[in-house]
Amino acid sequence: MYVDVLLGLQWGDEGKGKIVDYLADKYNIVARFQGGPNAGHTLKINGERFVLHTIPSGIFHEGVCNVVGNGVVIDPVTFQKETSKLEALNIDVRERMVISLRAHLILPTHKLLDAASESRKGQAKIGSTLRGIGPTYMDHTGRNGLRVGDILEPDFKQRYQALKEKHEELLGFYNYKDYDLAELEGPWFEGIENLRRLKLINTEYFLNDALAKGQTILAEGAQGSMLDINFGTYPFVTSSNTLTASASIGLGISPTRIRKVYGISKAYCTRVGSGPFPTELDNDMGELLRQKGSEFGATTGRPRRCGWIDLPALKYAAMLSGLTDLIITKIDVMNDFEEIQACTDYEIDGQKTQDLPYDLGRKDLKPVFRTFPGWQKDIGDIHNFDELPAPITNYVAFLEDYLKVPITIVSTGPGREEFILKEQVSTL
Ligand code: IMP
């Protein structure tokens with residue numbers, strides 16, 4: 001029938017996993033369309049923390065089909081770990097998931113190339129998760145990559161060997177020698193065997209047939225809008241498109257099938273890795289946000305950089321993705337704060353603007369903040385929007401007015417039940 005898209009609006013880590021987990025059983029299908037195991041979608045299931053890297057967050061729901069689309073890059077090793085963990089919880093991954101034959105494979109040498117390229121960049125490094133994402137997408141557009149479908153071909157080993165040798169030459173160019181490829185290849189080929197026993201199909205037909213039968217799809221984005229390869233803070237970005245339009249190419253569904261676009265933003269802002277971050281708080285307040293919000297990377301464990309919410313950047317992301325519904329997460333992290341701040345404008349060359357400059361890292365850009373009163377109250381037990389303290393409802397009203405997008409959900413804690421529906425989520 002239609003596709004709804006769910007995306008992060010900031011630099012990733014907005015809390016997408018939990019929201020997809022809530023929305024998942026309102027759809028027939030949940031589909032990942034870009035990125036790879038650089039993502040870490042955290043869910044709390046029965047009090048236990050579970051991090052999904054490549055498998056869609058609908059996997060915990062019986063009756064929901066999960067699709068790993070053609071736009072995703074798969075590391076067979078991480079994938080196997082993920083499937084084993086889920087199977088240990090008695091989740092029938094084979095039954096609940098299909099994988100695109102066109103998705104590209106991350107080779108062990110892609111990860112080495114990621115590390116070699118980053119170390120060559122020195123101070124200018126991107127701060128990559130080193131999961132091989134960039135080199136794999138480079139091979140994709142360079143028309144050298146290996147795809148899931150290739151593992152079913154009789155000459156797969158030769159194709160692997162040819163690409164590996166090419167990568168080894170490149171590693172030589174970087175003078176990168178500190179690795180034992182044989183050690184990495186063992187688990188990789190085991191991961192390939194694991195993939196072979198799963199359902200590998202032409203997901204574009206599967207998804208379009210489902211739409212024709214009246215089924216609904218939730219497309220689950222990874223990373224965040226400001227990490228988009230075209231519109232993010234280039235070159236400090238990831239290597240895929242992270243905006244709504246990417247769902248179309250990464251799944252093989254027409255843009256005309258897309259209905260709603262749910263965008264997720266934290267009530268403040270974080271970034272992991274290098275690159276511009278105008279509202280960053282490199283002080284005690286930043287540290288407080290980090291500690292209270294447990295802001296440490298779900299994939300790499302790195303401490304996240306923390307700061308106030310950046311509304312011009314959020315407005316930009318909302319524009320690029322045609323946002324229809326805004327979801328605010330982690331507002332509870334600021335429960336104790338006397339006051340909170342939001343960046344409403346940038347001052348560039350003495351001029352105020354809400355437009356993002358070509359280079360968000362330009363030295364003369366100053367964020368202009370507006371201060372809002374805090375609420376100094378625990379909100380964990382509140383399940384009705386109207387019962388929230390007035391400073392929160394006023395702040396939400398301000399955000400809606402600034403962004404011209406209604407807020408649908410306010411998430412008030414990490415648990416599955418800790419959120420407030422401001423508007424009914426309509427899947428019809
Ligand atoms: P890569 O995609 O691993 O090459 O990393 C490129 C940049 O994107 C780095 O700054 C990473 O920290 C950041 N990044 C990649 N994936 C995520 C994510 O899922 N959440 C947050 N940051 C990410």
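Counting convention: from 1, in listed order, for ligands and their atoms alike. Numbering starts at 1 and runs along the sequence shown.
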Next on the checklist: So that I can tick it off, tell me whether Arg102 and Glu204 are bridged by a salt bridge, with the cut-off set at under 4.0 angstrom between side-chain N and carboxylate O.
Outcome noted: yes
Checklist entry - Between Glu418 and Lys18, is there a side-chain N and carboxylate O pair less than 4.0 Å apart? => result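 No, Glu418 and Lys18 are not salt-bridged.
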Checklist entry - With Glu295, which of Arg271, Arg302, Lys266, Arg305 fulfils side-chain hydrogen bond (donor to acceptor under 3.5 Å, both in side chains)? => result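 Only one option passes, and that is Lys266.
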Checklist entry - Do other residues, nucleotides or ligands put more than 12 heavy atoms under 6.0 Å from Asp180 CG? => result yes
Item to check | Ile217 and Leu207: CA distance, side-chain angles, deciding distance, side chain to side chain contact (heavy atoms under 4.5 Å, CB included) verdict | outcome: CA-CA 8 Å; Ile217 301 170; Leu207 291 167; 3.6 Å; yes
Checklist entry - If you take all heavy atoms of Thr279 and Cys343, which pair is closest and at what distance? => result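 Where Thr279 meets Cys343 most closely, the heavy atoms are CG2-CB, 3.4 Å.
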Checklist entry - Under a 4.0 Å heavy-atom cut-off, what residues line ligand 1? => result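 Within 4.0 Å of ligand 1, the protein residues are Trp11, Gly12, Asp13, Asn38, Ala39, Ile126, Gly127, Ser128, Thr129, Gln223, Leu227, Val237, Thr238, Val272, Gly273, Arg302.
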